[in-house]
S.K.: 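Can you keep this structure in mind? I'll have questions shortly.
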Amino acid sequence: PPSPPPSPPSPPPDPKYGAHYGEVAMVSLGTYKVVLLALANIPAGTVYTITDQNYQGGMAFSASSYERTYEYVVPAGGLKAGTLVDVDTTVSGKGIYVGSNGDVVYLFKTVPGAPEPQFVHVWTSNPTAGDFGIIPEGPAAAGVVTTTTQRFAHYTGFTKKGTRMELLADITRAGAWAEGEAAASGYSVTVTDTSRTAGPGGTGTTPSP
C-alpha cells in the first residue's frame with residue numbers, strides 16, 4: 001500500500017514565538033471558563049497567562065476594569081500531550097469574558113530576556129467589531145491565531161487524532177468552531193507525536209499598561 005503523506009512541516013523558527021507557539025491551545029471559551037488542550041508534554045510548574053486585555057506591543061497590555069488576567073500553573077506531574085483541562089479564570093468574582101462586540105483572548109508565556117510575550121495561542125471573536133489591540137504576526141502566527149464569528153465558542157474536533165501541527169491547523173480553522181462553551185469532559189483528542197516537549201520558560205506575570 002502507498003505510504004501515508006508526511007506530516008506538515010513546522011514553520012521556520014521565529015525569535016518571538018518559535019519555541020512555544022502551539023504547545024497549548026484554547027478549545028473552548030465561555031463565561032469565565034477556558035478549556036486548554038496540551039499539544040505537547042508540558043513540565044510541571046510552567047506558567048501560562050490568559051488575558052483579554054488588549055496587547056499594545058512589547059510587554060504592554062491595556063488596563064481595563066472590564067478585562068482580566070489569569071495565570072494557569074501546570075500542576076505536579078505535568079501535562080501529557082492530549083490532556084484537556086478546565087480552567088476557571090474567576091478571581092474576586094470576575095474572569096475572562098468575551099465581549100458582545102468581539103474580543104481577543106491571548107494565551108502566552110513570559111520568558112526571561114524575551115522582548116515580547118511568547119504567544120502560544122490567540123483566539124479572536126468577530127474581529128471587525130472593535131479595537132482589539134495587536135494580533136501577533138510573523139512566521140509562526142499562522143499556527144497561533146484562531147478567528148471565529150461566535151462569541152462563546154468551542155472547537156468541534158471532539159474525537160480528533162493527529163500530530164500537533166495537524167491538530168493546530170484544524171483548531172485555527174474558523175469552520176471547526178461552533179457557538180457555545182464546552183467542558184473538557186466533552187472532548188477526546190489524541191496527539192500522535194507525543195515526544196515533543198514544550199519550549200523552556202514560563203514565569204508568572206501581570207500584563208501592565
S.K.: Measure the spacing between OG1 of Thr149 and CH2 of Trp177 and express it to the nearest 0.5 Å.
M.R.: 12.0 Å
S.K.: For Gln150, give me all partners under side chain to side chain donor-acceptor pair (under 3.5 Å), at least two apart in sequence or on another chain.
M.R.: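 Listed in chain order: Thr148.
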S.K.: May I ask you to test the His154-Val35 pair for a side-chain heavy-atom distance under 4.5 Å?
M.R.: no
S.K.: Between the side chain of Thr89 and the main-chain N/O of Ile96, is any donor-acceptor distance below 3.5 Å?
M.R.: yes
S.K.: Report yes or no: does Asp52 contribute a side-chain atom to a donor-acceptor pair with the main-chain N or O of Glu67 at less than 3.5 Å?
M.R.: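 No.
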S.K.: Rounded to the nearest 0.5 Å, what separation is found between the CG atom of Leu29 and the CZ atom of Arg151?
M.R.: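 Interatomic distance, Leu29 CG to Arg151 CZ, rounded to 0.5 Å: 12.0 Å.
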S.K.: If I take atom CG from residue Leu37 and atom CG from residue Leu167, how far apart are they, to the nearest 0.5 angstrom?
M.R.: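 Answer rounded to 0.5 Å: 7.0 Å.
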S.K.: Sort out for me which residue in Gln118, Lys109, Arg164, His121 forms a side chain to side chain donor-acceptor pair (under 3.5 Å) with Glu23.
M.R.: Lys109
S.K.: Can you tell me which residue among Val85, Thr197, Val74, Thr83 is in a side chain to side chain contact (heavy atoms under 4.5 Å, CB included) with Ile42?
M.R.: Val74
S.K.: Please report whether the ring centroid of Phe152 lies less than 6.0 Å from that of Tyr97.
M.R.: yes
S.K.: If you apply the rule ring pair (Phe, Tyr, Trp, His ring centres under 6.0 Å), what do you find for Phe61 with Tyr106, and how did you get there?
M.R.: CA-CA 11 Å; Phe61 287 78; Tyr106 299 91; 5.8 Å; yes
S.K.: What residues, two or more places apart in sequence or in another chain, satisfy side chain to side chain contact (heavy atoms under 4.5 Å, CB included) together with Asp170?
M.R.: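 Only Tyr155, Lys160, Arg173, Ala176 meet the side chain to side chain contact (heavy atoms under 4.5 Å, CB included) criterion with Asp170.
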S.K.: Do any N or O atoms from the side chain of Thr146 and from the backbone of Ile171 form a donor-acceptor pair under 3.5 angstrom?
M.R.: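 Such a contact is found between Thr146 side chain and Ile171 backbone.
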S.K.: How many angstroms lie between OH in Tyr72 and OG1 in Thr46, if you round to the nearest 0.5 Å?
M.R.: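 Tyr72 atom OH to Thr46 atom OG1 measures 9.5 Å (nearest 0.5 Å).
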S.K.: Check step by step if side chain to side chain contact (heavy atoms under 4.5 Å, CB included) holds for Val91 and Arg68.
M.R.: CA-CA 9 Å; Val91 177; Arg68 293 291 180 268; 5.9 Å; no
S.K.: Using only heavy-atom distances, determine whether the side chains of Thr110 and Thr203 contain a donor-acceptor pair under 3.5 Å.
M.R.: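 No, no side-chain donor-acceptor contact under 3.5 Å.
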